[in-house]
Amino acid sequence: MTNEQDSIRDNPKKYLKTKPEFSDFTDAELQQLINQMHVKQFPKGQVLFDQSDDRENLYFVIKGLVRAERTDANDKFTFYTYIKADLAFPYRGDVYGVLLSVYGPGNDRY
């Protein structure tokens with residue numbers, strides 16, 4: 001288990017308050033998030049969701065790198081982007097589907 005995992009498991013509110021995405025949350029909002037939060041590790045290559053799936057989860061990368069892929073309707077063009085540690089995804093207003101798979105060094109995903 002990494003120090004980041006230990007920190008978020010031991011004191012999730014303190015950990016989240018250090019992250020820009022959550023720094024403006026009230027204590028009540030943080031607690032609501034914490035009550036529904038699950039810390040998970042995913043192996044390299046694990047698909048988190050497909051571009052046609054409904055977005056039901058917000059992911060926050062604690063350690064590692066996530067690759068997001070999107071293809072056009074004809075499967076002719078694939079767009080790649082990478083989400084690094086300390087970023088949440090999918091982004092608000094994200095109208096494109098993404099296929100997310102674990103990629104890169106430090107292959108841990110949470």
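Any value given below was found using the heavy atoms of this structure, including those in side chains, with hydrogens, waters and symmetry copies removed.
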Which pair of non-hydrogen atoms, one from Thr71 and one from Asp75, has the smallest distance, and what is that distance?
-> OG1-OD1, 3.3 Å
Give a yes or no on whether the backbone of Pro43 and the side-chain of Gln46 come within a donor-acceptor separation of less than 3.5 Å.
-> no
Sequence neighbours left out, what passes side chain to side chain donor-acceptor pair (under 3.5 Å) with Gln32? Give chain and number order.
-> none
Give the minimum heavy-atom separation between Leu87 and Glu21, together with the two atoms involved.
-> CA-OE2, 3.4 Å
Just by modelled atom types, is the Ser7 backbone N or O under 3.5 Å from a matching donor or acceptor in the Asn11 side chain?
-> no
Close side-chain approach of Phe22 to Leu33, heavy-atom, < 4.5 Å = yes
Mind listing the closest non-hydrogen atom pair of Glu29 and Thr26 along with its distance?
-> OE1-N, 2.8 Å
Within a reach of under 6.0 Å around NZ of Lys84, are more than 12 heavy atoms found that belong to other residues, nucleotides or ligands?
-> no
Output the distance between atom OG1 (Thr81) and atom CZ (Arg67), rounded to the nearest 0.5 Å.
-> 11.5 Å
Do Glu69 side-chain atoms and Thr78 backbone N/O form a donor-acceptor pair below 3.5 Å?
-> no
Is it the case that more than 12 heavy atoms not belonging to Asp24 sit under 6.0 Å from its CG atom?
-> no
Please identify each residue that fulfils salt bridge (charged side-chain N to carboxylate O under 4.0 Å, His left out) with Asp53, with sequence neighbours left out.
-> none
Would you give the length of the straight line joining atom CD1 of Ile62 to atom NZ of Lys40, rounded to the nearest 0.5 angstrom?
-> 12.5 Å
Report the distance from atom CG of Leu16 to atom CE of Met37, rounding to the nearest 0.5 Å.
-> 5.5 Å
Parallel, tilted or perpendicular for Phe60 and Tyr15, by the 30°/60° rule?
-> perpendicular
In Å, rounded to the nearest 0.5 Å, how long is the span from OH of Tyr59 to NE2 of His38?
-> 11.0 Å
Between NZ on residue Lys17 and CG on residue Asp27, distance to nearest 0.5 Å = 4.0 Å
